Amino acid sequence: MQHWQHSSYEPYLPVTEKSNPITRDIDKASPKEIVEMLQKCDAEIFERTSHGNPMYQTLNSSSVVQTIVDVSKRVEVILKDPEDSLIVLSGCGTSGRVAFLLATSLNRWLASHHQKQIYSYIIAGGDKALLTSQETPEDDPLLGALTLGKACVGKKHVLFIGISCGLSAPFVAGQLDFCLRNLEIFTPVLIGFNPVDMARTEPIQNCSFHFKEVAERMNEMQKQQKAYVLNPAVGPEAISGSSRMKGGSATKIILETILLAGHEAAYSKKAVTFNGILHSLNMFEKVHQITYSQTKELAALVQKAAISLRKKGHVYYLGWQTLGIIGIIDASECIPTFGAGFEDIRGFVSNGFSEMNNKEGDLSSLGPHFIIDHKDFVDTILPNLSDNDTVIFLYSENDDLNEVSVLAKNVRQRTSNLHAIAHELKGLSDPERMRSQFMTVLTIKWPSSLYKHSPVLMKQYWELSTKWCLNAISTGAHVLIGKVYMNYMIDLRVTNSKLYRRAIHILQRFTGSTQAQCETALLRAIYDVEELSDEMSSTDVTQHTLVANKRGRVVPIALVMLQSRRTIAEAKSYLDAYSVIRDAVAACQRLL
Ligand code: S6P
């Protein structure tokens, strides 16, 4: 049995918030060890058995596979009769980004096959949340329901797939509740990675239900095949709670398995079967093995990225097609995850917003966070590029390699610190010429067995593989520059209720103080006062998070206060002496 599966292991936390024993010492690891730890953590997605622990189902458990079969058949029905029908994928943060990626890719596929485009995506906070962190709308169930209602006006059949890795987002709970009250139109599906028993029970503001209550109603309805819950446990995240990693990857795997099976049944007359689904899941496990077979090369990129960040340089991902979008997503998530500066790691995609194909169109007028085209990189970044910066190209043999070469040549004039992650299937016609353009190339060679299983899915495999590589690079680099303590990101931004609860838990974990003491210290740091007024103590979590959004280092400040009984001013000046959170916390641990 995995250590985290024991009932005594962090019993008050759901799987998605537990700390992973594999990465306990990630903050002291070498780049190669970091990549190996991430490889093991990601391998847990494909764990075959729950080792007799009835509490957990895995991705390969027959009940999970059967639910995938059932949902795939729903997809098939909608694809065969697309009039007045819709498949909506929805979530917050990373879950919404995965929803976007799949909905747009599959609509494109449908359009190219002269079929009606029936996919739609919803991300809490709208399209700007695709590129920036918008954590506040995640707490709003009414907004979730309203957005869903609007997206489905006039539709008679809607398959709604709500994603919340932690079974926690009120935005998604509101949507599922809306579906459950309108089952004549909606078939709701919930994807997440905790047992229903561990779904969030915190009351939601202005709302009569919490997440667990909705998930239980979903479970009830599943008996009549009117709703479906897909919630295998895939183990805790490598960085505690960071569901952009395993949560995002597992969501992508499940959704692609479901949607591809539905497509094949509708268009290739290949019936959805239990074994077919199992086989698809096995193929994704191969993608994991192939990607991580190059630990050394990947570790070298982690190291390069860390050196750049340490020297106050930057990391740039320049990707083609959806690989570019994967790069943009990974880069933008570093800001909320590691408190990174927006310039630290940035992504660019060929053809910018026309490649994104997002609902709200070109967002570049919203500001620098939304400048994503290669052309913008050439105009604004290239002139100041230096050897302190690491540039990583992301492409496959299906891309315009001449275009890749031209851009590589331009970049080389400014820096030799240019690398590539390249996906090859049949092999390039002139591999040496491509290789010579970069300092290093991590070539991922794909066996034809995967292509034969599904030519349609190759692009999705490459996306997932690139996601794993980039998650390793950006996480590893931030770990190496000291942003993480053990496997906790302590300096988190407390911008919604989930993060507020996580912050309190982290404080309890490291100080041994009571929940009440930790909450008080956190609130003092948020409101920047020594003494809380009655109004501050009695106001709701939403208000706290709105104030916290404007403040930095609230959790480290609260930690120092709790640990050393210092005033806020003293705690701040104590922290000023440390640029590395890991050092500050370690020193603080020694204070008592
Ligand atoms: C996690 C990421 C967050 C989550 C979001 C939704 O690394 O930063 O934005 O995706 O909070 O979480 P969930 O559990 O509802 O999918």
Side-chain angles (χ1 to χ4, degrees), residues 13-18 20 38 41 89-101 121-126 128-141 143-144 161-176 189-196 198-200 202 204 210-212 214-215 230-231 233-234 236-252 254-255 329-340 345 467 470-471 474-475 478 483-484 487-489 491-503 545 549:
L13 292 177
V15 181
T16 53
E17 290 286 324
K18 288 184 199 287
N20 198 316
L38 297 180
C41 266
L89 314 178
S90 173
C92 312
T94 305
S95 301
R97 294 180 196 116
V98 176
F100 149 77
L101 200 61
Y121 69 89
I122 296 175
I123 178 164
K128 61 181 188 306
L130 295 172
L131 305 173
T132 56
S133 143
Q134 308 286 328
E135 311 283 358
T136 318
E138 180 169 329
D139 275 341
D140 194 338
L143 180 66
I161 306 188
I163 312 151
S164 179
C165 298
L167 262 55
S168 69
F171 185 88
V172 175
Q175 296 178 321
L176 293 171
V189 180
L190 164 61
I191 295 184
F193 304 102
N194 286 316
V196 166
M198 291 183 175
R200 198 164 164 202
E202 188 177 344
I204 304 175
H210 50 55
F211 205 107
K212 187 174 171 191
V214 179
L230 266 167
N231 60 334
V234 294
E237 294 289 350
I239 303 300
S240 310
S242 184
S243 56
R244 78 184 192 110
M245 302 183 78
K246 277 161 93 164
S249 306
T251 301
K252 199 166 176 329
I254 293 179
L255 280 175
I329 291 176
D330 181 85
S332 67
E333 288 171 347
C334 292
I335 304 170
T337 307
F338 301 108
I345 302 192
K467 177 182 184 293
L470 299 188
N471 283 173
S474 58
T475 303
H478 282 101
K483 290 284 183 184
V484 166
N487 51 9
Y488 290 90
M489 180 54 211
D491 191 9
L492 71 156
R493 290 198 323 166
V494 186
T495 45
N496 63 30
S497 59
K498 173 176 80 174
L499 299 169
Y500 181 81
R501 294 291 160 216
R502 188 182 298 163
T545 56
N549 206 357

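We're numbering straight along the sequence, starting at 1. Just so you know, ligand 1 is whichever comes first in the structure, and atom 1 is the first atom listed for that ligand. The figures here come from the full heavy-atom set of this structure, side chains too, leaving out hydrogens, waters and symmetry mates. Quick caveat: nothing in here was measured; it's all calculated off a predicted structure.
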Study note, to complete from the structure: One finds that the ligand 1 atoms under 4.0 Å from a non-hydrogen atom of R244 are 1 (C), 7 (O)
Check your understanding: Would you say T132 and I335 make side-chain contact, with heavy atoms under 4.5 Å?
Key -> no
Check your understanding: Would one find an N or O of G166, backbone or side chain, under 3.5 Å from an N or O of ligand 1?
Key -> yes
Exercise for review: Report yes or no: does C92 have a heavy atom closer than 4.0 Å to ligand 1?
Suggested key: yes
Practice item. Quick one: look up the protein heavy atom nearest atom 10 (O) of ligand 1 and list residue, atom name and how far away it is. Key: T94 N, 2.9 Å
Review point. Near A169, which atoms of ligand 1 are under 4.0 Å from a heavy atom of that residue?
Key: 15 (O)
Practice item. Report yes if some N/O of S95 lies less than 3.5 Å from some N/O of ligand 1; otherwise report no. Key: yes
Check your understanding: Taking side chain as C-beta onward, heavy atoms only, is P336 less than 4.5 Å from E135?
Key -> yes
Practice item. Quick one: do T337 and K483 satisfy side chain to side chain contact (heavy atoms under 4.5 Å, CB included)? Show the steps, please. Key: CA-CA 10 Å; T337 307; K483 290 284 183 184; over 6 Å; no
**Study point:** Stepwise side chain to side chain contact (heavy atoms under 4.5 Å, CB included) check, I122 with F171
**Key:** CA-CA 11 Å; I122 296 175; F171 185 88; 3.9 Å; yes
Review point. Any idea which atoms of ligand 1 are less than 4.0 Å away from a heavy-atom of E135?
Key: 9 (O), 11 (O)
Review point. What atoms of ligand 1 come within less than 4.0 Å of a heavy atom belonging to S242?
Key: 7 (O)
Review point. Just which atoms of ligand 1 are under 4.0 Å from any heavy atom in G93?
Key: 9 (O), 10 (O)
Check your understanding: Which is closest to atom 5 (C) of ligand 1 in terms of heavy atoms, R493, M489, E138?
Key -> E138
Exercise for review: Consider every N or O of G241 and every N or O of ligand 1, then say whether any pair is closer than 3.5 Å.
Suggested key: no
Exercise for review: State whether R244 and D330 are salt-bridged, where the test is any N-O pair (Lys NZ or Arg NE/NH1/NH2 against Asp/Glu carboxylate O) under 4.0 Å.
Suggested key: yes
Review point. Mind checking whether K498 has a heavy atom under 4.0 Å from ligand 1?
Key: yes
Check your understanding: Taking the side chain as C-beta and beyond, is there a heavy-atom pair between T475 and I239 under 4.5 Å?
Key -> yes
Revision key, fill the gap. OG1 of T545 to OH of Y500, rounded to nearest 0.5 Å, is 9.0 Å
Practice item. Going by heavy-atom distance to atom 15 (O) of ligand 1, choose the closest among A173, C334, G91, S164. Key: S164
Practice item. Considering only NZ, NE, NH1 and NH2 on the basic side and carboxylate oxygens on the acidic side, decide whether R97 and E333 come within less than 4.0 Å. Key: yes
**Study point:** Distance (rounded to the nearest 0.5 Å) between E17 CD and M198 CE
**Key:** 12.0 Å
Exercise for review: Check if S243 has a non-hydrogen atom at a distance under 4.0 Å from any atom of ligand 1.
Suggested key: yes
Review point. Heavy-atom distance under 4.5 Å between the side chains of S497 and R200, does that happen here?
Key: yes
Point to revise | Per-atom contacts of ligand 1 with C165, taking only distances under 4.0 Å to non-hydrogen atoms | key: 13 (P), 14 (O), 15 (O), 16 (O)
